[in-house]
Every structure is written in C-alpha cells, then in structure tokens.
S.K.: 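One structure follows; several queries about it will come next.
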Amino acid sequence: MLEKGALYVVGTPIGNLGDFSPRAQETLEEADFIAAEDTRVTLKLLSRFGIKKSMVSYFEHNKEERGELILGRLRAGETCALVSDAGMPAISDPGEALVASCAAENIPVYVVPGPTAVISALAVSGLPTGRFTFEGFLSMNKRGRREHLLSVSQETRTMVFYEAPHKLRRTLNDFESVFGGERRLAVVRELTKIHEEVWRTTLREAAAHYRQHEPKGEFVLVVEGAKPKETREEYTLEEAAELARDFLQDGVSASEAAREAAKVSGLKKGDIYRLLG
C-alpha cells in the first residue's frame with residue numbers, strides 16, 4: 001500500500017524489460033498517476049505489463065510548470081510515481097528538480113530501486129570501482145565542456161560519463177587532448193540490449209577508431225583516473241605548448257589555447273604563448 005501524498009521514484013529498465021522489478025510494477029499499478037519523461041515511451045512499458053494509468057508529461061523543458069502541477073496533486077493527497085525513459089529518475093534527469101521541491105516542502109519521497117547505466121557500466125568496465133565520480137553528460141557549449149574537463153583533469157578516481165552517439169567523436173577527441181591518450185577507457189554501449197558491447201581500450205585508440213567508424217547506440221564512457229604522480233609540476237614547457245596546440249584545433253585563439261594549457265600545466269600562459277608563435 002502506497003503512502004498518500006508521497007512521490008515514488010521508480011527505476012525502469014535501461015534496455016531489457018526483464019529487469020523491471022515486481023515492486024516497480026506494483027508501484028506503477030497502485031499510484032494515482034505517473035509523471036513520465038516521455039509518455040509515449042512509458043506507455044510501451046505500461047502496455048507490456050498490462051498497466052493502465054493516467055500520466056503527466058514531465059521533462060526538461062516543462063519541469064517548472066508541470067512540477068507545480070504535480071506538487072499540487074501531491075499536496076492534495078495523491079500518490080505519484082516518477083519515471084524516466086530508462087534507468088533511475090533524478091540521475092542526469094529533470095526529476096532531480098521535482099525531488100528537491102518535494103524535499104523543500106517535506107513531501108515524502110520514496111525510492112523503488114531499478115537499473116542504472118552508471119553503476120552497471122562501472123561494474124563491467126574492468127577499472128577501479130572502489131572510488132569513482134559520476135560526471136553525467138558534458139555540456140553542448142564548447143567552453144562549458146572544456147571547463148568541465150579541465151576541472152577533472154587531475155581527478156584520480158575513475159570517472160563515468162554519459163554520451164549520445166552524435167557527440168561521441170568530439171568527446172573522445174576532447175578526452176584525448178585533456179587527459180592524454182594513454183588513459184584506459186571502457187566504452188560501454190547498448191547496456192542490457194541485444195547489441196551490448198564493452199570495449200576496454202585507451203583514449204587514443206577509441207578516438208582513432210570512431211574517426212573511422214560511425215558511432216551507434218547509447219554510450220557510457222568509463223575513464224581511468226589520473227595517476228597520483230601526475231601533478232601540474234610535471235609538465236614541461238614543450239608539453240604544455242603541445243597541449244595548447246591541441247586546443248587550437250578546436251578553433252580557439254592562440255591566447256585562449258595558451259590560457260587553458262596554463263590551467264592544466266601550472267606553467268605561465270605567456271611562456272606557452274611564445275612557443276605557439
């Protein structure tokens with residue numbers, strides 16, 4: 001029996017419908033309504049399990065308006081099941097905002113655990129799992145992407161990123177230029193689906209491969225952390241200039257390339273800039 005006036009965060013399959021748990025099914029059956037990222041996708045899941053339930057569309061571009069609607073219904077004593085298209089809601093997902101709003105109003109929030117791509121990919125990556133960071137999706141904005149990667153360039157924990165196929169090439173190229181080509185990488189594709197693949201390789205090899213092959217499917221990228229000895233002081237001036245030349249290939253100015261290379265290397269921007277000339 002669900003608690004009235006509560007939000008239930010329900011994990012759904014990331015590919016294989018056999019991963020849908022009995023408790024998740026019961027929760028969707030008993031909830032007064034479902035808040036779904038894409039009602040068309042959720043309708044397929046409901047139809048597969050014979051569930052008939054009213055739904056409210058709730059996604060990134062309507063989360064403020066629909067969030068207020070959902071909160072109003074929760075305040076009135078209804079129960080809501082929150083689902084995303086695949087995996088756990090609120091993880092790299094607009095459900096984060098709804099959960100935060102409920103927390104702010106002391107509206108009960110419960111979780112019905114389910115599959116999640118970040119943990120599944122990490123588990124099969126072959127990389128250290130004792131400590132890791134989840135970095136989600138990189139920004140579409142070039143500057144935002146670069147700042148994100150620079151901020152974790154010296155991260156020693158294993159890092160997990162999500163990426164869409166149409167952005168994969170650019171992301172791998174950025175990884176190679178910022179992290180270095182020798183870092184180990186697990187390219188995890190189409191988790192739990194027919195064409196599931198785990199490719200354990202290096203950043204250099206992966207970037208080169210996808211320059212020649214079209215990326216297909218949804219990707220999770222598990223990146224080896226920096227070695228503890230890889231500190232800023234270990235960069236030579238020529239290495240920093242080479243890093244700046246990589247940045248130049250992204251179309252930034254020489255001054256901007258030198259500035260970003262200085263952030264990574266700890267060397268002076270002016271010294272790097274002079275080598276670029």
Side-chain angles (χ1 to χ4, degrees), residues 1-105 107-123 134 136-137 160 162-164 188 190-194 196 217-220:
M1 181 70 70
L2 302 186
E3 179 178 338
K4 291 299 183 182
L7 178 71
Y8 287 80
V9 180
V10 182
T12 58
I14 57 177
N16 191 322
L17 293 182
D19 295 332
F20 194 49
S21 75
R23 184 181 171 215
Q25 181 177 345
E26 290 173 4
T27 301
L28 297 191
E29 289 172 339
E30 293 180 16
D32 292 312
F33 68 102
I34 297 170
E37 182 179 4
D38 186 329
T39 55
R40 296 165 298 182
V41 172
T42 300
L43 182 59
K44 294 178 182 178
L45 178 69
L46 298 182
S47 298
R48 170 66 174 78
F49 290 93
I51 301 170
K52 295 183 179 180
K53 190 68 57 175
S54 65
M55 288 187 283
V56 172
S57 172
Y58 177 85
F59 57 92
E60 182 63 31
H61 300 296
N62 74 357
K63 64 183 181 183
E64 292 187 10
E65 172 194 349
R66 293 298 172 85
E68 282 303 315
L69 183 151
I70 294 167
L71 287 171
R73 295 181 68 171
L74 289 168
R75 294 187 199 105
E78 293 188 72
T79 55
C80 173
L82 173 67
V83 299
S84 64
D85 289 349
M88 285 301 301
I91 307 299
S92 280
D93 175 85
E96 174 186 4
L98 182 59
V99 172
S101 295
C102 288
E105 296 195 24
I107 293 173
V109 179
Y110 300 100
V111 65
V112 181
T116 178
V118 56
I119 298 300
S120 301
L122 181 67
F134 175 53
F137 287 99
V160 186
Y162 286 164
E163 196 50 282
V188 184
E190 295 290 271
L191 272 169
T192 78
K193 300 176 185 176
I194 294 175
E196 178 177 329
E218 296 299 321
F219 291 84
V220 183

S.K.: Can you check whether Phe134's main-chain N or O pairs, donor with acceptor, with Tyr162's side chain at less than 3.5 Å?
M.R.: no
S.K.: Could you state the interatomic distance from CD (Glu68) to CG (Leu98), rounded to the nearest 0.5 Å?
M.R.: 10.0 Å
S.K.: With sequence neighbours left out, write down each residue that passes side chain to side chain donor-acceptor pair (under 3.5 Å) with Glu37, or none if nothing qualifies.
M.R.: none
S.K.: At their closest point, which heavy atom of Pro94 faces which heavy atom of Tyr58, and how far apart are they?
M.R.: O-OH, 3.0 Å
S.K.: Under the side chain to side chain donor-acceptor pair (under 3.5 Å) test, which residues partner Thr79, sequence neighbours left out?
M.R.: Asp32
S.K.: Can you list every pair that meets salt bridge (charged side-chain N to carboxylate O under 4.0 Å, His left out) and has a residue in residues 45-62, with sequence neighbours left out?
M.R.: Glu60-Lys63
S.K.: Taking only residues two or more places apart in sequence or in another chain, which ones pass side chain to side chain donor-acceptor pair (under 3.5 Å) with Arg23?
M.R.: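 Listed in chain order: nothing, the list is empty.
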S.K.: In Å and rounded to the nearest 0.5 Å, what is the OG1 to CG distance from Thr116 to Leu191?
M.R.: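 Taking OG1 in Thr116 and CG in Leu191, the distance rounds to 9.5 Å.
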S.K.: So which of Leu45, Leu46, Val56 actually passes side-chain contact (heavy atoms from CB on, under 4.5 Å) with Ile34?
M.R.: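 Testing Ile34 for a side-chain contact (heavy atoms from CB on, under 4.5 Å) against Leu45, Leu46, Val56 leaves exactly one candidate, Leu46.
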S.K.: By side-chain contact (heavy atoms from CB on, under 4.5 Å), which residues pair with Ser57, not counting sequence neighbours?
M.R.: Thr39, Phe59, Asn62, Arg66
S.K.: Which ring pair (Phe, Tyr, Trp, His ring centres under 6.0 Å) pairs, counting each pair once, include a residue from residues 8-35, with sequence neighbours left out?
M.R.: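 Sorted result for residues 8-35: Tyr8-Tyr110, Phe20-Phe49.
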S.K.: Nearest 0.5 Å please: distance from the CG atom of Leu74 over to the CD1 atom of Ile107.
M.R.: 5.0 Å
S.K.: Who pairs with Glu65 by salt bridge (Lys or Arg N to Asp or Glu O under 4.0 Å), at least two apart in sequence or on another chain?
M.R.: none
S.K.: Measuring from atom CG of Leu2 to atom CG of Leu7, what distance do you get when rounded to the nearest 0.5 angstrom?
M.R.: 11.0 Å
S.K.: Could you tell me the separation between the SG atom of Cys80 and the CE atom of Met55, rounded to the nearest 0.5 Å?
M.R.: 12.0 Å
S.K.: Please name the pair of heavy atoms, one in Pro113 and one in Val111, separated by the smallest distance, quoted to 0.1 Å.
M.R.: CD-O, 3.5 Å
S.K.: Who passes salt bridge (Lys or Arg N to Asp or Glu O under 4.0 Å) against Glu78, sequence neighbours left out?
M.R.: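 With neighbours one apart ignored, the set is Arg73.
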S.K.: With sequence neighbours left out, write down each residue that passes salt bridge (Lys or Arg N to Asp or Glu O under 4.0 Å) with Glu105, or none if nothing qualifies.
M.R.: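 Arg75.
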S.K.: Please indicate whether Glu30 has more than 12 foreign heavy atoms, meaning atoms of other residues, nucleotides or ligands, lying under 6.0 Å from its CD.
M.R.: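 Above 12, so yes.
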S.K.: Side-chain atoms of residues 81-93: list all donor-acceptor pairs with protein atoms under 3.5 Å, sequence neighbours left out, distances to 0.1 Å.
M.R.:
from  : atom 1 : to    : atom 2 : distance (Å)
Ser84 : OG     : Ala86 : O      : 3.1
Ser84 : OG     : Gly87 : O      : 3.4
Asp85 : OD1    : Asp38 : N      : 3.2
Asp93 : OD2    : Ala90 : N      : 3.0
Asp93 : OD2    : Gly95 : N      : 2.8

S.K.: Of all residues at least two apart in sequence or in a different chain, which pass the salt bridge (Lys or Arg N to Asp or Glu O under 4.0 Å) check with Glu190?
M.R.: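 For Glu190 the salt bridge (Lys or Arg N to Asp or Glu O under 4.0 Å) partners, ignoring immediate neighbours, are Lys193.
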S.K.: With sequence neighbours excluded, what pairs up with Phe219 under the ring pair (Phe, Tyr, Trp, His ring centres under 6.0 Å) test?
M.R.: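 Expected list: Tyr210.
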S.K.: Restricting to non-hydrogen atoms, name the atom on Gly11 and the atom on Ala24 that form the minimum distance, rounded to 0.1 Å.
M.R.: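 Answer, listing the atom of Gly11 first, then Ala24: O-CB, 4.1 Å.
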